[in-house]
Visitor: 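My structure is below; once you've seen it, I'll send some questions.
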Amino acid sequence: MIGPVSDIALAINSTPAAILLVVAVLMLWLRSPRRIGAWLTVAVVVQGGLGVATLLMGVEIWIAATHQAGAMVVFSFALWTAHACRDDP
């Protein structure tokens, strides 16, 4: 387990990043064609839940690894959404 000071520092550092990610996802969702942005939104919500669970469970390896895998999924959906939103000349 991580000590209490590290838990607080981890929560303080990850919260602004999560808020920034949610704002960016909402902006992309509003611009995305079809329902591609919805997939990204679902991935971000699941990732947020995994992040909270990771902190609440004391950063156990299995949930932390799942959280890292979720980050790759969010990144993949973000690339897919950004690609769908670009304007081709």
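All of these numbers come straight from a predicted model, not from anything done at the bench. No hydrogens, no waters, no symmetry mates; every other heavy atom, side chains included, goes into these values.
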Visitor: Is there a path of hydrophobic side-chain contacts, each under 4.5 Å between heavy atoms of I/L/V/M/F/W/Y residues, joining Trp62 to Val46?
Guide: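 Linked, Val46 and Trp62 end up in one cluster.
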Visitor: Would a hydrophobic clustering, with Ile, Leu, Val, Met, Phe, Trp and Tyr connected at side-chain separations under 4.5 Å, put Leu79 with Val22?
Guide: no
Visitor: Donor-acceptor pair, Glu60 side chain versus Thr54 backbone, under 3.5 Å?
Guide: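 Not confirmed, Glu60 side chain does not pair with Thr54 backbone.
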Visitor: If I take atom CD1 from residue Ile61 and atom CD from residue Gln68, how far apart are they, to the nearest 0.5 angstrom?
Guide: 10.5 Å
Visitor: How close do Leu21 and Val74 get, counting heavy atoms only, and between which atoms?
Guide: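 Heavy atoms only, the tightest pair is CD2-CG1, 4.3 Å.
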Visitor: Which residue is it: Leu40, Val45, Thr81? I am looking for the one with a side chain to side chain contact (heavy atoms under 4.5 Å, CB included) to Val25.
Guide: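 It is Leu40; the other options fail the test.
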